[in-house]
**Q** 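Input: one structure, supplied below.
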Amino acid sequence: MTVRETRINAGDTERTPARVVLRFLARHPRSVGSLAAVGITGCYIGFHTMLIGAGVAVVAGASWAVLDRPTFDRFAGRLLRAWWRRWLTYHRKWQRVIFSCGLVQSSPKGESRVPRLLAVRSTWCWDSVRVRLLDGQTPADFEGVLDRLASAYRARRATLRTLKPHVISLDFQKKEPFEVLLTPLPDMPREESAVDLSRLPIGQDEYGREFALNFVDGLHHLLAGAPGAGKGSWMWGLLRALAPWIRSGRVRLWVIDPKGGMEFGQGEEMFHRLATDDTSGLDLAREYVDTLDERKETMGRQGRRNWTPGDSAEYPLDLLIIDELASMTEYADRDISREFERLLSKALAQFRAVGGRVVGATQEPTKDVIPMRGLFPTKVALRLEEASYVDMALGEGVRDRGAFADQIPDYMPGVAYLTREGQREPLRVRAAYTTDDDITELVRFATSKDATVLDFPTDTDSGTDSAEAADTEQTETETGSLDVEYIEDDGDDDEDFDVA
């Protein structure tokens, strides 16, 4: 006599059609809601009308993407790309990839259990896949197969972050725009009218557009980056964009280079003040604050409430540049660092309306090193040594939104992520490399006061007659006594320079 199995298979009851449907609805509310909205709209207005409207929307979106790709990607493209890649890239292959990497578990009932894919966030360069681990799994299980995961999803590289207990983020780098984008050094402006303080070009962004710094709305700038990350190109690029104003006195440069002038010593001739150690740096900071305090009082007596960029050399833009903030705030004597922190905090908080601006650079953007970092409206994170430094430099949660500054390759100096006040999404940018010859050109131009334009003889001049030669010799004799400090090209190209 055969005994028939009468036990109920609990696994089958858990996967009834009703439960599967309800579970899908609960897990994917946006996708289900979108499909429901399409169906309801089609029933009310007709599917032909809906298709026409969808076609118009697609054409409008495509036109937007072609005409202004950055704004399209910011407001719509990243959401569409995240939805598309979740279903057609990651979810479609998820079970097969996880099984191949040995991350599938078997339950006591013989069922296969797979880590759950929760969500996908997509930026121009990175995809972040949020995953819930199974009981008994640890992030180390995924760290051991990151290379295989990257290969399976055709990514350049993959990294892992632990978001909270049992939840991790697998970050896949899909592209690196600056390996194919040439970042030329912007032309140095020659005329004062070519300088726009709200747009000082220094490089390109990840979309291939010209990238410029804003010293009208952006005010003060904090640069955080490891040694060799390219902070010098950012600061020298800024000075090149300000060259005509430096030359005319509409910009005064106050520079603190505590490393003995190794970074900025080459430009000492064009600086208003230069300090090369912590003691002289404190004296410079005192003078800077006293100068702008005096201007504040003068403007108050004159009834002027706001400083106008480029108004006159009487009220110049006073730009304070600090190459390594930690040398003044952390590694200096306590008396020096305490007073310097007070002076710098005052400069950051009070001198916006009188033409005071600050650019600071640091290798460690921690609160202990930069206690006043919250007073910098514009923050730039170049290549950083630690993942925790990214949020310290750019703000809480910015790394989760795609600012992987700790993943910038060593061979890409100048690449950085930037955030501005009121801007939630970070922007990936690169400052053009500034050579020593470019710095020499800047210093020569900014320090020359009486530039003279001369026409050099060409090969066609060899056939001139003796009379013309005599006249030329006489002219050379007359001009030989002139003190020519700088020779520049004619101004034809200047008219074509687009400062916008």
Side-chain angles (χ1 to χ4, degrees), residues 70 178 181 183-189 192-225 229-246 250-255 263-264 267 307 309-310 316-323 325 347-348 351-352 355-362 365 373 375-382 393-395 398 403 405 413-423 425-434 438-439 442 446 497-500:
F178 293 114
L181 279 177
T183 308
L185 185 68
D187 293 334
M188 188 174 68
E192 292 185 41
S193 59
V195 178
D196 180 2
L197 206 59
S198 65
R199 189 165 186 81
L200 301 171
I202 66 168
Q204 286 184 330
D205 65 12
E206 59 188 335
Y207 302 100
R209 301 178 304 176
E210 179 186 76
F211 168 69
L213 296 176
N214 185 342
F215 274 76
V216 175
D217 300 323
L219 297 180
H220 315 298
H221 291 61
L222 176 64
L223 309 177
K231 297 187 292 293
S233 291
W234 280 74
M235 292 186 283
W236 283 113
L238 166 64
L239 298 187
R240 281 177 57 88
L242 290 170
W245 280 18
I246 297 173
R250 293 178 185 270
V251 172
R252 286 193 303 192
L253 302 176
W254 308 66
V255 180
E263 179 64 39
F264 286 99
W307 167 82
L317 169 70
D318 281 293
L319 180 59
L320 173 61
I321 299 176
I322 309 162
D323 180 45
L325 280 165
L348 292 169
F351 296 150
R352 176 194 64 81
R357 300 291 186 270
V358 179
V359 175
T362 183
R373 68 187 184 192
L375 297 176
F376 288 90
T378 302
K379 302 178 180 66
V380 179
L382 294 98
L394 299 179
V398 178
V415 175
Y417 291 90
L418 176 140
T419 58
R420 295 188 177 101
E421 198 170 38
Q423 175 184 317
E425 298 297 329
L427 179 65
R428 187 179 174 94
V429 298
R430 187 175 196 178
Y433 178 62
T434 306
D438 297 323
I439 297 173
L442 165 64
F497 182 75
D498 185 7
V499 297

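Counting begins at 1 with the first residue of the sequence. These values consider heavy atoms only, across backbone and side chains, with no hydrogens, waters or symmetry-generated copies. The shown structure was predicted, so the numbers you read here are calculated from the model rather than taken from an experiment.
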**Q** Can you check whether L239 reaches T434 side chain to side chain, under 4.5 Å on heavy atoms?
**A** no

**Q** Using a 4.5 Å cut-off on heavy atoms from C-beta on, say whether the side chain of R250 contacts that of P244.
**A** no

**Q** With a 6.0 Å cut-off on ring centres, are F215 and W307 close enough?
**A** no

**Q** Would you say CD of E192 has more than 12 non-hydrogen atoms from neighbouring residues, nucleotides or ligands within 6.0 angstrom?
**A** yes

**Q** Do the side chain of H220 and the main chain of V358 share a donor and acceptor less than 3.5 angstrom apart?
**A** yes

**Q** Which heavy atom in L219 sits nearest to a heavy atom in P377, and how many Å separate them?
**A** CB-CG, 4.0 Å

**Q** With no hydrogens and no angle check, is any side-chain donor or acceptor of R430 less than 3.5 Å from a backbone partner on P413?
**A** yes

**Q** Contact between L185 and R240 at the side-chain level, heavy atoms closer than 4.5 Å - yes or no?
**A** yes

**Q** How about W234 and L213: do any of their side-chain heavy atoms sit closer than 4.5 Å?
**A** yes

**Q** Please tell me if the side chains of Y417 and L394 come closer than 4.5 Å, counting only heavy atoms from C-beta onward.
**A** yes

**Q** For A431 and T183, work out which heavy atoms get closest and say how close.
**A** C-CG2, 4.3 Å

**Q** Are M235 and D323 close enough, and set up right, to give a side-chain contact (heavy atoms from CB on, under 4.5 Å), and what steps lead you there?
**A** CA-CA 9 Å; M235 292 186 283; D323 180 45; 3.4 Å; yes

**Q** Is any side-chain heavy atom of D318 less than 4.5 Å from a side-chain heavy atom of F351?
**A** no

**Q** Examine distances only and state if a side-chain atom of R357 and a backbone atom of R352 form a donor-acceptor pair shorter than 3.5 Å.
**A** yes

**Q** Any donor and acceptor pair, going by atom type alone, linking the side chain of K379 with main-chain N or O of G395 inside 3.5 Å?
**A** no

**Q** Grab the two heavy atoms, one from P189 and one from V195, that are nearest each other, plus how far apart they are.
**A** CG-CG2, 4.3 Å

**Q** Do you know the tightest heavy-atom contact between P201 and P186?
**A** O-CG, 3.8 Å

**Q** Search all heavy atoms of R428 against all heavy atoms of F178 and return the closest pair with its distance.
**A** CG-CE1, 3.8 Å

**Q** How close do E263 and G232 get, counting heavy atoms only, and between which atoms?
**A** OE2-CA, 3.7 Å

